[in-house]
Amino acid sequence: MTRPVLHVGFVPGVEPDRFVRRWRTGRRAAYLEVVPVPLSGQRRALAEGEVDMCFVRLPLDAVEDLHVVALWEERPAIVVGDENVLSLHEEISLADLEGETEIPAAHEDDAADRVAVVATGVGFTRLPLSLARLHHRKDTRQIPLVDAEPTRIALVWPRAADDELRQEFVGVVRGRTSRSSR
């Protein structure tokens, strides 16, 4: 008899390693497979059944048919070239950015492209700190943005597909052990 596989997606910047380790240390009824999902495809991956559950970056459109477990907030940051005068800051505020050139997002999956642009010395770009770290380059700096709204990571899955296996994974993510109760 083959064990089922629970496919869990994750968007860039989310590191699911600790949850995978917790899952594998327990005696689980299913294998766990983690699947990278582009930010632009987080809703589609669930809708098309590519993943059973997904770590997503909120907001997410049309969540009425989904279970949404909000998990943690990501600190906002800016990324600048290391020759930019803004790179001298340890942390920065929105007021410090007035009059500076911002490289805005062209689409949801362009973080690496924006970091490459600011590395040339042109302006700054805003990213969650986890994404800024993911796309770090030697010629850039990530600087925490102290007065901007954080982003939020959540674990989501279709309400119609809720089962004991998914609930077991939610328990792992929330830190429950086999001796814990819900």
Side-chain angles (χ1 to χ4, degrees), residues 7-23 32-48 50-51 53-63 66 68-156 173-175:
H7 298 91
V8 177
F10 64 98
V11 295
V14 172
E15 296 178 1
D17 300 351
R18 68 177 178 233
F19 308 122
V20 172
R21 280 192 303 275
R22 284 185 202 155
W23 182 266
L32 182 66
E33 182 178 313
V34 290
V35 180
V37 173
L39 190 60
S40 63
Q42 58 187 7
R43 187 70 165 100
R44 179 193 45 76
L46 283 164
E48 294 178 5
E50 293 173 23
V51 296
M53 306 176 87
C54 194
F55 290 98
V56 299
R57 186 166 286 112
L58 299 176
L60 192 64
D61 293 333
V63 295
L66 298 175
V68 179
V69 177
L71 297 172
W72 65 85
E73 288 185 341
E74 298 177 298
R75 253 182 114 176
I78 66 161
V79 179
V80 294
D82 62 1
E83 297 292 320
N84 187 309
V85 70
L86 294 175
S87 70
L88 300 174
H89 292 267
E90 289 301 315
E91 56 183 31
I92 202 158
S93 70
L94 293 170
D96 296 327
L97 299 174
E98 285 187 33
E100 299 292 334
T101 302
E102 181 172 3
I103 308 302
H107 57 82
E108 291 178 297
D109 299 319
D110 73 344
D113 295 337
R114 288 187 283 145
V115 170
V117 170
V118 300
T120 68
V122 176
F124 72 93
T125 193
R126 296 182 207 205
L127 294 170
L129 189 54
S130 65
L131 268 181
R133 288 180 175 150
L134 176 67
H135 297 296
H136 175 71
R137 297 169 42 132
K138 290 181 184 178
D139 52 357
T140 62
R141 274 214 55 232
Q142 312 115 24
I143 304 166
L145 187 55
V146 296
D147 55 355
E149 288 296 312
T151 53
R152 187 141 192 109
I153 298 297
L155 180 63
V156 302
V173 169
R174 288 195 163 168

>> Would you call the rings of Phe55 and Trp72 parallel, tilted or perpendicular, taking 30° and 60° as the class edges?
In response: tilted
Taking the side chain as C-beta and beyond, is there a heavy-atom pair between [X] and [Y] under 4.5 Å?
X: Val51; Y: Val8; result: no
X: Arg114; Y: Val118; result: no
X: Val79; Y: His135; result: no
X: Leu71; Y: Val173; result: yes
X: Val63; Y: Val156; result: no

For [X], what residues pass the salt bridge (charged side-chain N to carboxylate O under 4.0 Å, His left out) criterion, not counting sequence neighbours?
X: Glu83; value: none
X: Arg137; value: Asp139
X: Glu102; value: Arg126
X: Glu90; value: none

With [X], which residues qualify under side chain to side chain donor-acceptor pair (under 3.5 Å), at least two apart?
X: Ser93; result: Asp96
X: Thr140; result: none
X: Asn84; result: none
X: Asp82; result: none

Straight-line distance of [X] [atom1] to [Y] [atom2], nearest 0.5 Å:
X: Phe10; Y: Asp17; atom1: CZ; atom2: CG; result: 8.0 Å
X: Leu97; Y: Ile78; atom1: CG; atom2: CD1; result: 5.0 Å
X: Leu86; Y: Ile143; atom1: CG; atom2: CD1; result: 6.0 Å

> According to the salt bridge (Lys or Arg N to Asp or Glu O under 4.0 Å) rule, which pairs have a member within residues 68-77, sequence neighbours left out?
Replying inline: Arg57-Glu74, Glu73-Arg152
> Around Glu48, counting heavy atoms of other residues, nucleotides and ligands shown, do more than 12 lie under 6.0 Å from its CD?
Replying inline: yes
>> For residues 32-45, which residue pairs pass the side chain to side chain donor-acceptor pair (under 3.5 Å) check, not counting sequence neighbours?
In response: Ser40-Asp109, Arg43-Asp65, Arg44-Glu50
> Which residues pass the side chain to side chain contact (heavy atoms under 4.5 Å, CB included) test with Leu134, sequence neighbours left out?
Replying inline: Pro12, Leu131
>> Under the rule for ring-ring contact (aromatic ring centres under 6.0 Å, His included), what residues qualify as partners of Phe124, not counting sequence neighbours?
In response: none
